[in-house]
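Here is the naming used below: chain letters follow the sequence lines, and residue numbers restart at 1 for every chain.
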Amino acid sequence: MTPLDRSFFSRPTLEVAPDLLGAVLVHEHPDDGLLAGRIVETEAYTDDDPAMHGWKATFGTDGRVLPQGRAADLFAAPGTAYVYRVYRTNWLINVVTEPEGTAGAVLIRALEPLAGEEAMSARRAAARRQRDLTNGPGKLTQALDIAEPTFHGHDLTTPPLYIASDGFARGDIDTTSRIGLSRGVDRPWRFFLAGNRFVSPGVPSDVRVARKTRRQ
DNA sequence: TATATGATTGCCT
DNA sequence: GGCAATCATATAG
């Protein structure tokens, strides 16, 4: 179980996102020991992406995200954690990609538990089935106890929180549009391991939009 | 200064 | 399948 090298993340976001499938997110927890899960679902967010944080400031200029507001942290060194909160208490974790100075990130959306399931269950009271522990971006941060700003800016190539490879041979990768968006709906930038039970249950945004349109 | 809106989850029918 | 929770951030005024 070796942490992935920084060079792995210093590549185009659209290459890193599918390549992360099958890797392992590890948290060496001070109280609960090893918490780990295999990454089974990711989404890519790029610097010319209308769904990217800070998109508004970019359009009409050079079409790219500027290092302003929270988007500034997307220009950090590759392998840096970008953790932020949506709605109430949902924290999402991204890995910054591309060389330092270029914006890009991969959202980790679902894990298959590998170690520390008991501790994960203790933190996920609402989970009725094993797969509910980590089959969503906000759920996995709860399960691995990274649901806080502590790890924002942390280097994910070093403990206590890192991404590693264990030589897992992954099968087919499926691709859809991303989930939960109102902009950038048509970009097919969600990647997941075909047939894996731990993939999140969300409906891709382009499908959702199509359904809504048909009803009206 | 004021308002609209989520890179979601969980509970309800 | 529908909808409320709930607040920081971004954007408008």
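Within the structure, no pair that satisfies the ring-ring contact (aromatic ring centres under 6.0 Å, His included) test touches residues 155-205 of chain A, not counting sequence neighbours. Residue pairs that meet the ring-ring contact (aromatic ring centres under 6.0 Å, His included) test with at least one member in residues 95-132 of chain A, sequence neighbours left out, do not exist here. The list of ring-ring contact (aromatic ring centres under 6.0 Å, His included) pairs with a residue in residues 130-151 of chain A, not counting sequence neighbours, reads A:His27-A:Phe151, A:Phe151-A:His154.
Although no hydrogens or angles enter the test, the distance criterion places no donor-acceptor pair under 3.5 Å between the side chain of A:Thr157 and the main chain of A:Asp5.
Side-chain atoms of A:Glu98 and A:Thr13 include a donor-acceptor pair closer than 3.5 Å.
Remark: A:Arg128 engages no residue in a salt bridge (Lys or Arg N to Asp or Glu O under 4.0 Å) (not counting sequence neighbours). With sequence neighbours excluded, no residue satisfies side chain to side chain contact (heavy atoms under 4.5 Å, CB included) with A:Ala122. Annotation: side chain to side chain contact (heavy atoms under 4.5 Å, CB included) contacts of A:Ala76 (sequence neighbours excluded): A:Thr80. The salt bridge (Lys or Arg N to Asp or Glu O under 4.0 Å) check on A:Arg38 picks up A:Asp166, with sequence neighbours excluded.
Taken together, the paired segments of DNA chain B that extend over three or more consecutive Watson-Crick or G-U pairs, each closer than 3.5 Å at both contacts, are B:1-6 with C:7-12, B:8-12 with C:1-5.
Heavy-atom distances under 4.0 Å link DNA chain B to A:Arg124, A:Ala126, A:Gly136, A:Pro137, A:Gly138, A:Lys139 of residues 124-141 of chain A, given in residue order. Of the residues in residues 174-185 of chain A, A:Ile179, A:Gly180, A:Leu181, A:Ser182 come within less than 4.0 Å of DNA chain B through at least one heavy atom, sorted by number.
Both tests hold for A:Arg11 against A:Phe8: distance to the six-membered ring centre under 6.0 Å, angle to the ring axis within 45°.
We find that A:Asp48 and A:Arg187 are joined by a salt bridge, their nearest charged nitrogen and carboxylate oxygen being less than 4.0 Å apart. Salt-bridge check for A:Arg124 with A:Asp132: failed, with every basic side-chain N at 4.0 Å or more from each acidic carboxylate O. A salt bridge links A:Arg6 to A:Asp155: at least one charged side-chain nitrogen sits closer than 4.0 Å to a carboxylate oxygen.
The environment of CZ in A:Arg208 is sparse: at most 12 heavy-atom neighbours from other residues, nucleotides or ligands sit within 6.0 Å.
Whole-Å rounding puts the A:His152 NE2 to C:dT9 C1' distance at 13 Å. Computed from coordinates, the A:Met52 CE to C:dA10 C1' distance equals 16 Å when rounded to whole Å.
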So A:Asp49 and A:Arg178, salt bridge (Lys or Arg N to Asp or Glu O under 4.0 Å) or not? Walk me through it. CA-CA 12 Å; A:Asp49 182 354; A:Arg178 295 168 291 180; 2.6 Å; yes

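From the 5' end on, the contacts that DNA chain B makes with chain A at under 4.0 Å to a non-hydrogen atom open and close at B:dG6 to B:dG10.
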Measure all distances between protein nitrogen or oxygen atoms and nitrogen or oxygen atoms of nucleotides 3-5 of chain C, and list the pairs falling under 3.5 Å.
residue	atom	partner	partner atom	Å
C:dA5	O3'	A:Arg88	NH1	3.3

